[in-house]
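What follows is a set of notes on a single structure, which appears directly below.
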Amino acid sequence: MSELLDLAGILVFALSGALMGVRKRLDVVGMAVLASMTALGGGIMRDLILNVPPAAFQSLGYVLVPIAATVIVFFWHPQVARIMPLLLVLDAAGLGLFCAVGTEKALLYDLSPLHAALLGVTTAVGGGVLRDMLAGEIPTLLYDRQLYAVPAMLGSGAMAALFELDLHGWPAVLAAAVLAFGLRILAMKYGWRAPLASGVKPSE
Amino acid sequence: MSELLDLAGILVFALSGALMGVRKRLDVVGMAVLASMTALGGGIMRDLILNVPPAAFQSLGYVLVPIAATVIVFFWHPQVARIMPLLLVLDAAGLGLFCAVGTEKALLYDLSPLHAALLGVTTAVGGGVLRDMLAGEIPTLLYDRQLYAVPAMLGSGAMAALFELDLHGWPAVLAAAVLAFGLRILAMKYGWRAPLASGVKPSE
Amino acid sequence: MSELLDLAGILVFALSGALMGVRKRLDVVGMAVLASMTALGGGIMRDLILNVPPAAFQSLGYVLVPIAATVIVFFWHPQVARIMPLLLVLDAAGLGLFCAVGTEKALLYDLSPLHAALLGVTTAVGGGVLRDMLAGEIPTLLYDRQLYAVPAMLGSGAMAALFELDLHGWPAVLAAAVLAFGLRILAMKYGWRAPLASGVKPSE
């Protein structure tokens, strides 16, 4: 069950990477690289920092799902782009899941709750940051004022708190993931925005 | 012998990095950073993922060769640029060698054949991707439609297949490297191109 | 004492990251990411290469100081920008300290003096390179011809030489840091410049 959820999250992130590849007119190799790095980059960063071999290089599904996403977007990218509103909801689900799973893994490797939560956020947003850097753009996360990292922080914080209360395993992961997912959806629905430094005007 | 080949591959990659530095009008520090990262970046990524200390920080030659490449390009870059056709052939040789060596090292660390081949490709192309990102450009690998990663994939796949058949050591590495090298040369000669997603027009 | 110095170095690097965030009109999340990566990125690279868990994910101060820098710059960035000359002096101190500390840590993990010095330089300049890449710019280090990496190299080299002479601990670190700091200050004062490759014209 939790593996299926994981692969679903990877699929959505990989689709977003492959679509970025089409938008930047990359070839099929570029699409596959962006799809893989978007989907797996955050987890690879997490595992490098935990000093364990990255899960992406041990699991078959982690390799095949980004390839499948590349094939889908290669042939049907107009249709995939058309269901973007649905993809944004699924992306929020991936965000929630990855921050919760990443935090739990870090806690199991004995990081403090604070550091584990930070690594959970890294897991959730790292792939997207890498995608944008590879595509030659400033990472969306840094400037677009949407609340994306903040829901992940709160979800990761909740996961760390539950773990400290000895609430482990998938029910805790699910609760933290749902919290981050819900906050992300609310942030999109109500247009909540991250503030700019005092006196800085929005750039549009 | 295999060490000499390795250093030759590093030299060619480092020359390409230093030349990029001249083209972007970087200073000598920037040239040395690009030369080193182009030559060593792929291997460092491989070793970080294998969770072993990067070979680049243990070998004397790996440090000195990029410095030598920087010095050569610093004083004689017009001459080096003039032998570019030769450099492209040597680069193809480096590509072949690095994908085969990287795949074999990953197999020796017990990765599955599929994951080892992917890590072999990462070894071969990672430095060039890092070079382009440092120079503020979208990695050539992602968009230029030349077959560069694909020959590396086939060479890495061949290395993994030979290893599974218990064919180890330098003859297997050489065979896989020659395959990738030959495919890369043929791809350049006949202008084979990676496809764009359906309906996407080439950007030129 | 050495921990206080360390945190002071992190504060200055984090301020420079957060200021870059304001200059690029990033939101508060982007400011915090740039502040953290500028301050901690070099040390994280060093620890990944040494194959040990990054210190940034074990220490409380390493997390809180970049957050404090973000808050300060968020509310008072005009004032912080006004003390830029002072910040450049502090940055030179951070550079000196980080190259010496990074080199010593690498030596304690049995790297050769040459490789330890290179890793010390990486520690000192890696965060700034990451800051510029995240902000969508070519790293200043690569092109601006200021002597920044070179004082770090000489400081790291001095640290490695002292260590070889069995001079360990904070007096050696301090001596190496002061050397790099002094050279950096002299380079700024007298406008010493890194050379361009032969025949390349400055771009301004």
Side-chain angles (χ1 to χ4, degrees), chain A residues 44-54 102-103 106-107 109-122 125-126 128-130 132-153 187 192-204, chain C residues 15 17-37 40-41 43-45 47-64 66-67 69-81 129-138:
Chain A
I44 292 175
M45 289 179 199
R46 176 200 61 206
D47 292 343
L48 290 178
I49 286 169
L50 291 177
N51 207 17
V52 298
T103 304
L107 289 163
Y109 279 90
D110 277 334
L111 261 63
S112 81
L114 174 68
H115 294 103
L118 282 176
L119 205 48
V121 176
T122 305
V125 308
V129 167
L130 207 51
D132 295 343
M133 290 178 76
L134 281 166
E137 306 202 335
I138 299 182
T140 314
L141 185 83
L142 302 187
Y143 68 86
D144 85 343
R145 306 186 60 199
Q146 286 198 34
L147 293 194
Y148 192 83
V150 173
M153 269 177 232
W192 293 340
R193 318 201 65 180
L196 297 169
S198 75
V200 173
K201 299 238 177 52
S203 41
E204 74 262 71
Chain C
L15 288 173
L19 278 176
M20 167 74 100
V22 171
R23 197 143 53 76
K24 305 287 280 188
R25 290 167 156 198
L26 306 185
D27 62 33
V28 68
V29 169
M31 290 172 64
V33 170
L34 278 199
S36 307
M37 287 299 97
L40 307 175
I44 291 176
M45 289 180 199
D47 292 344
L48 289 179
I49 286 169
L50 291 176
N51 206 18
V52 298
F57 282 88
Q58 321 228 299
S59 138
L60 188 60
Y62 283 20
V63 172
L64 296 185
I67 293 174
T70 305
V71 170
I72 291 169
V73 171
F74 188 88
F75 288 110
W76 301 289
H77 58 91
Q79 289 84 337
V80 176
V129 168
L130 207 51
R131 173 198 63 208
D132 295 343
M133 290 178 76
L134 281 166
E137 307 202 334
I138 299 182

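Chain A is the first sequence line, chain B the second, and so forth, proteins listed ahead of strands; every chain is numbered from 1.
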Which bit of A/Leu119 is near chain C, if near means a heavy-atom gap under 4.5 Å: side chain, backbone, both or neither?
both
Working to the nearest 0.5 Å, report the span between [atom1] of [X] and [atom2] of [Y].
{"X": "A/Glu137", "Y": "A/Asp132", "atom1": "CD", "atom2": "CG", "value": "6.0 Å"}
{"X": "C/Met20", "Y": "A/Leu142", "atom1": "CE", "atom2": "CG", "value": "11.5 Å"}
{"X": "A/Leu111", "Y": "C/Phe57", "atom1": "CG", "atom2": "CZ", "value": "7.5 Å"}
{"X": "A/Tyr109", "Y": "A/Asp47", "atom1": "OH", "atom2": "CG", "value": "7.5 Å"}

Only pairs of heavy atoms separated by less than 4.5 Å count here; which of [options] has the most with chain C?
{"options": "A/Pro139, A/Pro195, A/Ala149", "result": "A/Pro195"}
{"options": "A/Asp144, A/Ile138, A/Ile49, A/Val200", "result": "A/Ile49"}
{"options": "A/Ser198, A/Gly136, A/Ala194", "result": "A/Ser198"}

Closest non-hydrogen atom pair between [X] and [Y], with its separation:
{"X": "C/His77", "Y": "A/Ala197", "value": "CD2-CB, 3.8 Å"}
{"X": "A/Leu147", "Y": "A/Arg193", "value": "CD2-C, 4.0 Å"}
{"X": "C/Arg131", "Y": "C/Leu34", "value": "O-CD2, 3.8 Å"}
{"X": "C/Leu130", "Y": "C/Gly41", "value": "CD2-CA, 4.1 Å"}

Do you know which of [options] has the most heavy-atom pairs under 4.5 Å to chain A?
{"options": "C/Ile44, C/Val28, C/Val22", "answer": "C/Val28"}
{"options": "C/Thr70, C/Val33, C/Asn51, C/Val73", "answer": "C/Asn51"}
{"options": "C/Met133, C/Lys24, C/Gln58", "answer": "C/Gln58"}

Portion of [X] that has a non-hydrogen atom of chain A nearer than 4.5 angstrom:
{"X": "C/Val63", "answer": "side chain"}
{"X": "C/Ala18", "answer": "neither"}
{"X": "C/Leu48", "answer": "side chain"}
{"X": "C/Phe75", "answer": "backbone"}

